[in-house]
Student: 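Starting off with a structure, shown below.
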Amino acid sequence: MKNMMVYDRSNAREISYTDLINTEIPDYNITSRESRINKKTSDSDHRLSEILFITSYPPSKCSIAKYAYNLIESLVDKSGNPLSIKVCALETGESEYQYPDEVRYTLDTTSAEEYAKLAKAINEDNRISRVVIQHEFGFFREQETAFFYFIYALSKPVVIAFHSVLPRPGNQLKSFIRNITDYCESILVMSHSPASILINDYGLTEQKISVIAHNNHLVPYSAESSLAESGCALDDNSFAMIASCVRFSETYDPESLEKIKRCLGFLKERILPSGRFVNSKIIKSRAYDPDNIADLDDPNGRVVWSLGYLTSFIDILPNDIILKARSLFRKSLIHIETVNSSRAIAFAIKGLYYYYTVYKNPRDLNLLKTLANRLVKIYSEEPEKEEGWFGDSPEFCNSILPEAMLYSWLLTNESIYKEIAISSFNILLHSAVNEEGIKEVPDRSWFQDDYNEGHLGESSFDSVCTVMTLSKFYETFGDKEYSEKMETALSWFAEENQLHRNNNNPDSSLTINYLMYRIKSGHGI
């Protein structure tokens, strides 16, 4: 896995996450803590190499659990010194997971008593030299006070990584964040946008904040084998293949053709007899199979999209590439037919749409209808609002759901698909794109009555999906509102974003500039 990078804003240089946790800890000023817990960590304790991550963790299927798993995998691989990483897995009291060996502790986040017990155990564990907390507000919502006193009581240096930072906080939220960060050695965020929010809205010091880009562990094309080094390898390959198809269609660049071949080679080696794609190198590196416990249905859906999209270039791509893609596509449908993840279904529908436009096989149309009806059922069972949505799944790329319904209507002319496509997309657009620009809507909180409409963060992955959906809706209905919102969303990629950064990065696996060029030229993706 490519080494994740942390950007040290205090001296404007790149340091790796590995360097961060391997750095010898200087004398850490815990005078105020000594008076509370009557304990001082010795110099020898400071030089121990064991790090404790407090995070959700597989087999939990939340996105941060997968992020933490991949990060720890990378740190162990990249560390030049002997490094031991252990995990405290966050639970809700109802979980009964079987964890891998690296999980030493668990924390029932709903129990105040458990926070105190864990703090005591960590303080007495002389093997632990530093604690790294992956923070998401939903983790500690029921016991925020207990969480604060947990950090307050720890005698070990604490690093906290915020996966969400809410802007324009009220006094209570501002006080809570400032209090917990006061007792942390350093603060990590996923982009410069939340770093700025912490500085400007919360009054935190810039010197204490570093940025580790959540999406910057995309895999390079340098060798086929390198594509398997990331837990996000399936997604990386899907986007790389789509972007390479777009680039080749515009430039006939031989390098893009080679990239397509390498991506297909990777996928061919990672498909199981069941039609499921896996990250086999990670499987081999573990005593357990993470693909049996971590949800890979969504990445599998995106693989189906990429393969179906590739086959739509039958007029320009060499026949051997088309045949390989078709073979993998047909095998993948064995697994896709069984999935229930709404986003996996939606991406698979998109792949089926492109495939069917070239190869009009009635079986594929029937499968598309089956999957579309599955989304209709999920949509219809939404209990909370008269305006429906597609279940309760805290993931990214919400726009793919209405887009999938639109594709389903275009192929079948079933009116229910059209109705759901329009109504659900309008609900999403109300929160996702406005006159201020585009913003990420990562979970169901935007659908609640007390939703804070401030920006929740920005992701090129989520933003490019929103632009794609707007493009398809405008192409289909010709509604100027979709066109206007698409222009607003497109501006995100040209410095009109909270990062104030041009995101048209030709070296990115997403090669967003080519994707956006394709959309601006009137072509869907």
Side-chain angles (χ1 to χ4, degrees), residues 1 4 6 17-18 20-21 50-77 79 83-111 114-115 117-119 121-122 125 127-144 146-148 150-151 154 156-165 180-181 183-190 194 210 212-215 217 230-232 282 286 288 290 293-295 394-396 442-443 457:
M1 181 177 181
M4 299 185 181
V6 177
Y17 213 135
T18 305
L20 176 69
I21 66 172
E50 189 164 282
I51 313 299
L52 180 70
F53 274 71
I54 299 178
T55 179
S56 61
Y57 205 68
S60 170
K61 294 183 178 180
C62 98
S63 59
I64 294 177
K66 289 183 279 188
Y67 170 84
Y69 172 85
N70 294 330
L71 174 60
I72 290 171
E73 183 88 9
S74 174
L75 292 173
V76 172
D77 288 344
S79 176
L83 177 66
S84 175
I85 295 181
K86 296 300 178 183
V87 174
C88 171
L90 300 177
E91 298 181 340
T92 61
E94 302 176 355
S95 308
E96 294 184 356
Y97 294 134
Q98 295 296 317
Y99 290 108
D101 292 342
E102 60 263 33
V103 176
R104 178 179 293 165
Y105 302 106
T106 61
L107 172 63
D108 177 0
T109 58
T110 66
S111 169
E114 292 301 311
Y115 288 86
K117 291 179 182 178
L118 178 62
I122 292 172
D125 191 337
R127 296 165 293 184
I128 297 173
S129 62
R130 182 184 266 110
V131 177
V132 179
I133 301 173
Q134 303 293 321
H135 180 277
E136 181 60 63
F137 286 100
F139 288 165
F140 310 105
R141 184 169 292 153
E142 295 185 27
Q143 295 291 346
E144 290 180 345
F147 175 65
F148 164 69
F150 166 73
I151 294 179
L154 288 176
K156 311 294 175 73
V158 177
V159 176
I160 190 164
F162 287 112
H163 287 259
S164 295
V165 177
I180 63 174
T181 55
Y183 298 104
C184 293
E185 177 189 46
S186 61
I187 303 163
L188 302 180
V189 288
M190 303 300 121
S210 296
I212 177 169
H214 200 304
N215 292 331
H217 57 289
S230 168
C232 297
I282 295 180
R286 290 287 193 175
Y288 67 98
I293 60 175
D295 184 6
E395 297 287 347
F396 298 104
D443 57 38

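No experiment lies behind these values; they were computed from the predicted model shown.
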Student: Rounded to the nearest 0.5 Å, what separates atom CG in Leu107 from atom CD1 in Ile54?
Tutor: 7.5 Å

Student: Mind listing the closest non-hydrogen atom pair of Ser56 and Ala68 along with its distance?
Tutor: O-CB, 4.0 Å

Student: Mind checking whether Phe162 and His135 have parallel, tilted or perpendicular rings, split at 30° and 60°?
Tutor: perpendicular

Student: Does a side-chain heavy-atom distance below 4.5 Å link Pro59 with Tyr99?
Tutor: yes

Student: Minimum heavy-atom separation for Leu118 to Cys88, with atom names?
Tutor: CD2-SG, 3.6 Å

Student: How long is the gap from OG1 on Thr109 to CG on Leu90, to the nearest 0.5 Å?
Tutor: 6.5 Å

Student: Find out whether Arg130 and Val159 are in side-chain contact, i.e. whether some heavy atom of one side chain is under 4.5 Å from a heavy atom of the other.
Tutor: yes

Student: Mind checking the CD1-CD spacing from Ile64 to Gln134? Nearest 0.5 Å is all I need.
Tutor: 7.0 Å

Student: For the OH atom of Tyr67 and the CD atom of Glu136, what is their distance to the nearest 0.5 Å?
Tutor: 12.0 Å

Student: Return yes if some donor-acceptor pair links the side-chain N/O of Ser84 with the main-chain N/O of Glu50 below 3.5 Å, else return no.
Tutor: no

Student: Hey, does Tyr183 have a side-chain heavy atom less than 4.5 Å from the side chain of Phe148?
Tutor: yes

Student: Measure the acute angle between the ring planes of Phe150 and Tyr115, then classify it against the limits of 30° and 60° as parallel, tilted or perpendicular.
Tutor: perpendicular

Student: How many angstroms lie between CD in Gln143 and CG in Asp108, if you round to the nearest 0.5 Å?
Tutor: 9.0 Å

Student: With a 4.5 Å cut-off on side-chain heavy atoms, are Ser129 and Ile51 touching?
Tutor: yes

Student: Can you tell if the side chain of Ile133 reaches within under 4.5 Å of the side chain of Ile151, non-hydrogen atoms only?
Tutor: yes

Student: Please report the closest heavy-atom contact between Ser60 and Ala65, naming both atoms and the distance.
Tutor: O-CB, 3.5 Å

Student: Hey, what do you get for CG (Asp125) to OH (Tyr105), rounding to the nearest 0.5 Å?
Tutor: 3.5 Å

Student: Report yes if some heavy atom in the side chain of Ile72 is under 4.5 Å from a heavy atom in the side chain of Glu102; otherwise report no.
Tutor: no

Student: Test Glu114 against Glu91 for side chain to side chain contact (heavy atoms under 4.5 Å, CB included), laying out the working first.
Tutor: CA-CA 11 Å; Glu114 292 301 311; Glu91 298 181 340; over 6 Å; no

